Amino acid sequence: MSDLIDEAVLEDLIARIAEDVPVPARGAEYAVDNIVNTITPGRADRARVVASVLAVAAVLAGIALAVPMLAGSSSSKSASTAAPAPAPAPNGGTAPGGGRSGPDPSLPVDGAKIVKTGTLDLQVPHATLRLAVNRVSGVAVGLGGYISDSKTNFGSDATAQITIRVPVAKFENAITQLDALPDVKVLGESENGNDVTNQYADLKAQLAAATSERDALLVVLSRAQSIGDILSVRDRVTTSQAEVNQLQGRINLLDRQATFSSLAVTLSERTASGAPVVHGRSGLAKAWWDARHGFTSVVEWLLARSGAALIIVLFALALLFGIRYLYPIVRRGLV
Amino acid sequence: MRARYARTYRTAVLICGNPADAEEAVQDAFLRAWRFRDALPDDSRRDAWLYRVLVNACYSKLRQEVPRRERERVRISVDADLRDAQLTDAGEQPDRAAERALTADALAATLHDLPDGLRVVVILRYYAGLSEREIAIAIRRRPGTVKSRLHEARRRLAADARLAGYRPDTEVTAP
């Protein structure tokens, strides 16, 4: 005799027990109602959803703000090692003339017009001038700027003069990033912050006055009766219009200068004797060195050109990965 | 959902041994299944997944209850009046109906004397009709564990004196 109960017997037993279990007549309806009540969010639920979305947005905004701020703070330290940082003016106020005693660019001044310029003298390893020029271009573009002028000499005395324009708020970042380029030696550095707020205000006032004068002359011109009066007033209108155009041009120039700061970068190569690192290598080692530096330069180029977009994309990919693979695992673990 | 409700509810009653807990467990299970419907597999594992949700809900109810020794097992005590009405409606003789009721209570008591881990696999296998592999998914154990538990449950039931001599077409007497 088997010591196990027969499967058919067991199945019949349980079926008979189950048959005697009365099923609630409206149990299924209650279950459906329960689901409907749960998936129909009330006002409080919607408020929680909105609050969650706002919280996530705030976190993302904080990250977006913190990254450039952290980069800026680190850049100041790097710049101070190469050259003393400019002394900040009290309250970021105006400073007469230019020079390194100008206002600290890192201090925001409401409505202030600051024209920033700077020079940077960098020395790069032998035979890496072209790479360095590309890196400088990458830094400018990565910060939302552009190359306004570039002259490169690949002769025996390889040098390059590049003038980049970057948004004034990222001027310090530009200097820091250029200082931090690999294998670059900073030979000299200068920054110039010129507060043109008063000058800008004066120009605006002059423009308003000149415009009013021109408009008045136009009224007079429209009422002139004789040929002589017309010619006389017309000459004055022309002169006044020229003055308006000149003032407007100077204002526009200040606007551009205050929007994009100018940084003149001079690159020079070390002599071959000063670059034993490269020439002392064997063929295979040199190839490895070239490959390594080529890879890093490409990565730097990508990072410089992508800016915050790359960070956002990486964050989004991580989020998608979590939703696609980790969340189902966690979810299944919950049930 | 409505089509599944009766069998799901009865499965929950068999596991929980308590209609009230079973109904709550089924509600929880359906709600969880709806919430996580995107994670439902598309193949035959769907039933196993749904029963897994149900079993977990039942276990939650069992854990929430007072200790086992103090727990009042209803033993599927069907309302006598309701059952008599059902049987009478079916044209069954009263004495025959009473005998069936005693038999059902005896069988339920035997089943519920099994430990939870054994009872669950027996119910899923012989009432819900899941395969051993599906039961393994449902209770998150290895198929070998399911097999051994089924074996142990069948051994214990065979050794139970209350089921001695029982055959599908016969009746047992209440102890």
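Every chain is numbered from 1 and lettered A, B, ... according to where its sequence line falls, protein lines coming before strand lines. All values below come from the heavy atoms of this structure, side chains included, with hydrogens, waters and symmetry mates left out. Quick caveat: nothing in here was measured; it's all calculated off a predicted structure.
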Trainee: If you take all heavy atoms of B:Leu14 and A:Ala18, which pair is closest and at what distance?
Mentor: CD1-CB, 4.3 Å
Trainee: Compare every heavy atom of A:Ile5 with every heavy atom of B:Ala158, then report the nearest pair and how far apart it is.
Mentor: CB-N, 3.3 Å
Trainee: Apply ring-ring contact (aromatic ring centres under 6.0 Å, His included) to A:His293 and list each qualifying residue two or more places apart in sequence or on a separate chain.
Mentor: A:Trp289
Trainee: Is there a side-chain contact between B:Arg154 and A:Glu7 in this structure, where contact means two heavy atoms from C-beta onward sitting under 4.5 Å apart?
Mentor: yes
Trainee: Please classify the contact between B:Val122 and chain A as side chain, backbone, both or neither, with a heavy-atom cut-off of under 4.5 Å.
Mentor: both
Trainee: How far does CG of B:Leu157 sit from CG of A:Leu10, to the nearest 0.5 angstrom?
Mentor: 6.0 Å
Trainee: Would you mind telling me which of B:Arg155, B:Glu152, B:Gln27 has the largest number of heavy-atom pairs within less than 4.5 Å of chain A?
Mentor: B:Gln27
Trainee: If you look at every heavy atom in B:Glu23 and A:Pro24, which pair is closest and at what distance?
Mentor: OE1-CG, 3.9 Å
Trainee: Taking ring-ring contact (aromatic ring centres under 6.0 Å, His included) as the test, write out the residues that go with B:Tyr127, two or more places apart.
Mentor: none
Trainee: Atom CD1 of A:Ile14 and atom OH of B:Tyr126: how far apart are they, to the nearest 0.5 Å?
Mentor: 8.0 Å
